[in-house]
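These notes concern the structure reproduced below.
Below, read A as the first sequence line, B as the second, and so on, with proteins coming before strands; counting in each chain starts at 1. On a predicted model such as this, the values are computed, not experimentally measured, just so you know.
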Amino acid sequence: MSLWEFIEGRYDDLLQAGFDHIWLVGLSVLLCTVIGVGLGVATYQTNRPREIVLAVTSTFLTVPSFALFVLLIPPLGIGAPPVILALTMYGLLPVVRNTITGLREVDPSIVESAKGMGLGRAQRLTKIELPLAWPVIVTGVRVSALILVGIATIGAIVDGPGYGEFIFNGLARVGSPVAVNLVLAGMIGVIVVAIIFDVFFAVIAKLTTSRGIR
Amino acid sequence: MTNFGTVDGTAGRIMIRLENLRKEYPKEPKPAVDDLTLEIPEGEIVILVGPSGCGKTTTMKMINRIIEPTSGRIVVDDKDVTHEDPDQLRRRIGYVIQQIGLFPHQTIAENIATVPKLLGWDAKRIDARIDELLETVSMSPATYRNRYPKQLSGGQRQRVGVARALSGDPAVMLMDEPFGAIDPITRDRLQNEFLRLQAEVRKTIVFVTHDIDEAIKMGDRIAILEEGSRIAQYDTPEQILTAPASDFVADFIGAGASLKRLNLSRVRDIQLTEWPTVARNADGAAVLDALRASDKGCALVLDEQRRPCRWVSAADVQRGDGRAIDEIGLPPDAVVEPQATLNDALNELITANYSVAIVVDAAGVYQGIVDIDHINEAIRGMRTAARAKARAGLVEDRDEDLLTKGTTT
Ligand SMILES: Nc1ncnc2c1ncn2[C@@H]1O[C@H](COP(=O)(O)OP(=O)(O)O)[C@@H](O)[C@H]1O
Ligand SMILES: [Mg+2]
């Protein structure tokens, strides 16, 4: 059976896996963004807390994903919950780091003139600093999404949804004729999802960044 | 040691009063501002000038509490603002810094609307204000409203910075080296524009610079500061140039106090010279007639709107062989407007073909001529006047001494 025939035959399953993969990663990226931007905003002006947040989120990335998924079974069981938690942990660093970098790179004289005009702390943050840091933050989110699309496949070992299922099924049947098709179809699916996310965030970045700083 | 800068009764109402204002930075052995008391009269441009690091910026930024004083009081418009909500205070004080700090992600209109929005103005009023301010700083609203800061030149950004600082119609403006980062030619133009604007709006302005020439040109009153924001002299530019209070002040003014005085007078303040002029449609004979009737070597050709278009001498007419008089001679160089300083005029006429500067009004219409003799005379006049005033000041002081002695004995 050719790869093309295989894909045609399993089209519905593949499409379903694609949707699963996308919402799994999408939800995790959303959590990363909310938590990551929050942590960045809370710590960018202070030295110690900033270093701690960066150190901790970097450490998350060094934990082997395989091990982390398995470790999360006792508290969270199998399926989507442990995968989402693990992905959120992995995706934090790019978002936090870019939020901190973006905010710290805002020209101090711009912030000072905002202050001098009577914008309060919260107004300076929401009207001046975050919009100016935004392109850098979106880049962090985009990087995070691409990392998570890959790692999400490994979530299949704890029965997480998405294309990982296909790849793991294929690996379990190495030698049988269908194995290569399973792995290839899973890989293609992952690549398509990655492209979808990349295009999505490129469009978001374009739409949400002021023409004045493009 | 006392550190006082007060003004005499001839000045207007006091708009800003700093009382024993002090700023100590952590880990710095000496205070950046050492118990400064300074009175700033309403409607004047008061310049804080002094060497780098003497505390000018720190002093200025304590007025809108960007920097919080260690001790002392700040009174603005008869109200103690030392402990007022700083955001409310800042909305009533215009603020311009050297880097300007326009918001790059907002259009020019949005930038200017910042303070009016904070003050809760309605959209229509804000819109009208944006147009009005852009007109005020000579930028066409239709062209610039929706541009972004990156689409403007340095000089235009600076103008928008001023417009933005004026947007909430504050009584007080703080300006920290506002023209510091701009090329000298544009700076001169912006300074002149700003003075013209100030003549209309009459704000109380605290203006920081390290450039004594800028201080003399822009200031109604100058505070020359030494380290620790200690006042070396607080006086009008004329008095500072004529009677420096100490060696520090004299050194700071540097050489050429007389020449610097040229920045104090404007072309419109002096009597212009009469000069032979001829209309463009006249012929060479008319030029020769005009020249014969005067002691000048050349005549100025004016067009139908009386705008200068050519210098023509008798030799030009002879060489011209009957060509039209606006095709012979030399182009009219060294053109200045009445609000130009004598220093500007001098700079122009030194390099001019006939060593005179042509004065025109805003529409370019010929008004008269400035030559070097005028400038000389003006310098002499100013020096005499300033000396007389300095002497009068001394006499007054002595009278006061006698008076106080009289009452105590
Ligand atoms: N944030 C700060 N921390 C410590 N010292 C400062 C700070 N800002 C200014 N200073 C010091 O205070 C003095 C006055 O500085 P400043 O007001 O900026 O001077 P100026 O504007 O006259 O150049 C300088 O000696 C400067 O080094
Ligand atoms: Mg300074």
Side-chain angles (χ1 to χ4, degrees), chain A residues 33 37 40-41 44-49 95 98-142 201-214, chain B residues 57 60-61 63-67 84-120 146-152 157 160-161 164-168 170 172-178 180-181:
Chain A
T33 307
V37 171
V41 165
Y44 77 105
Q45 283 175 317
T46 49
N47 285 331
R48 281 299 285 165
V95 180
N98 281 33
T99 303
I100 290 174
T101 309
L103 288 171
R104 285 171 70 85
E105 273 175 0
V106 173
D107 181 348
S109 67
I110 293 171
V111 180
E112 188 186 316
S113 75
K115 196 173 174 185
M117 282 189 280
L119 275 83
R121 178 76 197 96
Q123 288 168 320
R124 291 200 298 274
L125 191 66
T126 55
K127 297 213 167 96
I128 309 298
E129 292 175 88
L130 280 173
L132 289 176
W134 188 241
V136 184
I137 298 174
V138 175
T139 306
V141 174
R142 195 168 159 186
F201 281 113
V203 171
I204 289 282
K206 181 127 192 168
L207 291 181
T208 56
T209 302
S210 154
R211 269 204 298 130
I213 52 174
R214 247 187 258 148
Chain B
T57 297
M60 196 198 81
K61 287 184 181 174
I63 298 173
N64 65 352
R65 309 244 315 279
I66 294 278
I67 294 176
E84 204 196 281
D85 171 14
D87 290 329
Q88 295 297 331
L89 173 69
R90 289 172 194 149
R91 289 169 200 176
R92 303 197 313 266
I93 298 180
Y95 189 49
V96 183
I97 53 179
Q98 180 177 342
Q99 307 85 334
I100 310 169
L102 294 183
F103 306 144
H105 60 302
Q106 297 186 353
T107 62
I108 302 313
E110 287 167 336
N111 266 282
I112 295 176
T114 307
V115 172
K117 268 189 202 152
L118 290 171
L119 293 174
N146 297 318
R147 292 225 182 149
Y148 285 93
K150 69 171 182 191
Q151 297 167 304
L152 305 184
R157 271 180 224 165
V160 174
R164 187 175 68 166
L166 285 167
S167 60
V172 172
M173 299 250 285
L174 307 179
M175 309 180 85
D176 192 352
E177 312 222 7

Next item on the list: Just do the side chain to side chain contact (heavy atoms under 4.5 Å, CB included) check on A:Leu119 and B:Asp87 with the steps written out, would you?
Entry: CA-CA 6 Å; A:Leu119 275 83; B:Asp87 290 329; over 6 Å; no
Note to self: As a quick check of understanding, evaluate side chain to side chain contact (heavy atoms under 4.5 Å, CB included) for A:Ser113 and B:Ile100, giving each step before the final call.
What the structure shows: CA-CA 7 Å; A:Ser113 75; B:Ile100 310 169; over 6 Å; no
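A distance of 3.5 Å separates CD of A:Glu112 from OH of B:Tyr95, quoted to the nearest 0.5 Å. The structure places NZ of B:Lys117 at 11.5 Å from CE of A:Met117, a figure rounded to the nearest 0.5 Å.
Listed for the B:Arg90 side chain is no donor-acceptor partner under 3.5 Å among the backbone atoms of A:Gly116. Formation of a donor-acceptor pair under 3.5 Å by the B:His105 side chain with backbone atoms of A:Lys127 is found in this model.
Across B:Lys150 and A:Gly212, no two heavy atoms sit closer than the pair CD-O, 3.5 Å.
Annotation for A:Lys206: atom NZ does not count as buried by contact number, only 12 or fewer foreign heavy atoms lying within 6.0 Å. More than 12 heavy atoms of other residues, nucleotides or ligands shown are found within 6.0 angstrom of CZ on A:Arg121.
With a 4.5 Å cut-off on non-hydrogen atoms, B:Leu119 does not touch chain A at all. Looking at B:Ile66, both its backbone and its side chain come within 4.5 Å of chain A, counting heavy atoms on both sides. At a 4.5 Å heavy-atom cutoff, B:Pro149 makes no contact with chain A through either its backbone or its side chain. Of the two parts of A:Gln123, only the side chain, counted from C-beta on, holds a non-hydrogen atom closer than 4.5 Å to a non-hydrogen atom of chain B.
Between chain B and the residues A:Asp107, A:Val111, A:Ile110, the largest count of heavy-atom pairs under 4.5 Å involves A:Ile110. The candidate with the highest count of non-hydrogen atom pairs below 4.5 Å against chain A, out of B:Gln88, B:Gln106, B:Arg164, is B:Arg164. Ranked by heavy-atom pairs shorter than 4.5 Å toward chain A, the options B:Arg91, B:Gln98, B:Arg65 are led by B:Arg91.
At a heavy-atom separation below 4.5 angstrom, chain A is approached by B:Thr114, B:Val115 within residues 109-116 of chain B.
Remark: B:Val172 engages B:Met15, B:Ile16, B:Val76, B:Ile93, B:Leu174, B:Thr204 in a side-chain contact (heavy atoms from CB on, under 4.5 Å) (not counting sequence neighbours).
Exactly one residue among A:Ile128, A:Leu132, A:Ile213 makes a side-chain contact (heavy atoms from CB on, under 4.5 Å) with B:Phe103. That residue is A:Ile128.
Looking at B:Thr107 and A:Arg211, their side chains never bring a donor and an acceptor atom within 3.5 Å of each other.
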